[in-house]
J.: 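Sharing a structure below in C-alpha cells format, with a few things to ask.
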Amino acid sequence: MHSKQYAAENGAIINIIHGRARDYLGAQNTDVFMTFIAQKYAFDSPINLLIGEILGAESMEHVFSAVKNAKSGDVVLQKSLSPDMPDIIFAVMPIWDTSLSNEEKFLSRCYRNGMKLAKQNGYQRMIIPALGKGKTNFPHQRIVRLSLSVILAELSAPLSDLSILCAEEVMYNAYNARLASV
C-alpha cells in the first residue's frame with residue numbers, strides 16, 4: 001500500500017492511497033466511508049460487495065429501500081452496527097455513457113452531498129474510493145479533475161482528514177499528479 005499526503009489551504013489533510021478497500025477499511029481509524037452505487041442500483045462493484053458482506057442483509061435492505069427512488073447525486077447514510085467499521089455513505093451516481101450529458105454535474109453532486117452529509121454528522125475522517133475507468137472506460141483524468149475540484153471546495157471543519165483510496169495505479173498516479181500541480 002502506497003500513500004501520499006497533501007495539506008489543503010485550510011489545514012485539512014488529503015491522503016491519496018493505493019490499496020484495496022478490504023485491507024484499508026479494517027486497518028484504519030475513520031469515521032465514514034463514502035461509496036457509489038449506480039443509478040440503476042447495481043451493487044456489483046468489489047467495494048460494494050465487501051460493504052454488503054460487512055453490513056449484512058438487514059442493513060443492505062435498508063440501503064436498497066432508501067435509494068429506491070433516489071436520483072443521481074443523492075446520498076444515503078447507513079450507520080455501522082460494528083464498532084470496528086465506519087458508517088457508510090452511499091452516493092447514487094449516474095450511468096456513464098461518455099456522451100455530453102449531465103454526468104459531471106451529477107457526479108459533482110455525489111461528492112458535494114456526501115461531504116455535506118459527513119460534516120452534518122460531525123465526522124472528522126472520511127474515505128472515498130477513487131472511481132476507476134470502469135466498464136465504459138470513462139476518462140480517468142476527467143474523474144480526477146472533477147472529484148478534486150469538489151473535494152477541495154467542500155473540505156472544511158469538522159471534516160479535516162479525507163482519504164482517496166485508489167485500487168488502480170493509474171488513478172493513484174493521476175490524483176497525485178493533479179494535487180502536486182494545484
Side-chain angles (χ1 to χ4, degrees), residues 4-18 21 24-25 28 30-43 45 47-48 51 63 66-67 70-78 86-98 100-134 136 138-168 170-172 174-179 181-182:
K4 197 158 188 180
Q5 194 173 77
Y6 299 87
E9 287 182 15
N10 64 0
I13 301 296
I14 298 175
N15 303 291
I16 307 300
I17 300 164
H18 181 243
Y24 191 76
L25 275 175
Q28 301 298 316
T30 192
D31 300 324
V32 67
F33 185 94
M34 186 172 104
T35 189
F36 300 89
I37 185 167
Q39 191 173 17
K40 297 295 183 190
Y41 315 119
F43 208 73
S45 75
I47 290 175
N48 288 341
I51 290 169
V63 170
V67 299
K71 297 176 181 73
S72 287
D74 289 350
V75 293
V76 172
L77 176 64
Q78 176 62 49
D87 294 341
I88 309 290
I89 293 174
F90 291 90
V92 180
M93 67 179 210
I95 302 296
W96 300 104
D97 64 9
T98 68
L100 297 174
S101 61
N102 290 322
E103 296 152 346
E104 287 192 9
K105 177 178 96 173
F106 291 124
L107 187 56
S108 292
R109 279 187 64 211
C110 287
Y111 286 100
R112 188 173 296 107
N113 290 341
M115 292 178 72
K116 184 180 195 179
L117 184 58
K119 291 187 287 188
Q120 287 171 347
N121 282 277
Y123 298 127
Q124 295 176 359
R125 295 170 310 275
M126 180 177 196
I127 301 171
I128 301 175
L131 292 173
K133 296 188 320 182
T136 60
F138 195 80
H140 67 283
Q141 295 295 348
R142 272 176 69 190
I143 292 170
V144 170
R145 176 187 48 77
L146 182 118
S147 62
L148 283 178
S149 172
V150 175
I151 288 168
L152 291 170
E154 297 294 325
L155 189 57
S156 63
L159 195 55
S160 61
D161 188 320
L162 187 134
S163 296
I164 300 172
L165 183 60
C166 304
E168 301 169 326
V170 67
M171 296 308 291
Y172 176 76
Y175 272 101
N176 281 307
R178 183 76 179 182
L179 280 169
S181 70
V182 173

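We number each residue from 1, following the sequence as shown.
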J.: So which atom in Ile128 and which in Tyr111 form the shortest heavy-atom distance, rounded to 0.1 Å?
T.: CG2-CE2, 3.8 Å
J.: Quick check for you: to the nearest 0.5 Å, what is the distance between Ile164 atom CD1 and Met171 atom CE?
T.: 9.0 Å
J.: Do you know the tightest heavy-atom contact between Ser163 and Asp161?
T.: OG-OD1, 3.9 Å
J.: Say you draw a straight line from CD1 of Ile37 to CG of Asp74; how long is it, rounded to the nearest 0.5 Å?
T.: 12.0 Å
J.: Got a second to check how far Thr30's OG1 is from Ile127's CD1, nearest 0.5 Å?
T.: 4.0 Å
J.: Minimum heavy-atom separation for Leu155 to Asn10, with atom names?
T.: O-ND2, 2.6 Å
J.: Would you please test Ile13 and Tyr6 for side chain to side chain contact (heavy atoms under 4.5 Å, CB included) and show each step?
T.: CA-CA 6 Å; Ile13 301 296; Tyr6 299 87; over 6 Å; no
J.: Grab the two heavy atoms, one from Val92 and one from Ala70, that are nearest each other, plus how far apart they are.
T.: CG2-CB, 3.7 Å
J.: Got more than 12 heavy atoms from elsewhere within 6.0 Å of CD, Gln120?
T.: yes
J.: Measure across Met93 and Cys110 and return the closest heavy-atom pair with its distance rounded to 0.1 Å.
T.: CA-SG, 3.7 Å
J.: Quick one: pull up SG in Cys166 and NE2 in His140 and give me the separation to the nearest 0.5 Å.
T.: 10.5 Å
J.: Do you know which of Asp31, Leu117, Leu162 makes side-chain contact (heavy atoms from CB on, under 4.5 Å) with Tyr123?
T.: Asp31
J.: Met126 vs Ile89, test: side chain to side chain contact (heavy atoms under 4.5 Å, CB included). Steps then yes/no.
T.: CA-CA 10 Å; Met126 180 177 196; Ile89 293 174; 4.2 Å; yes
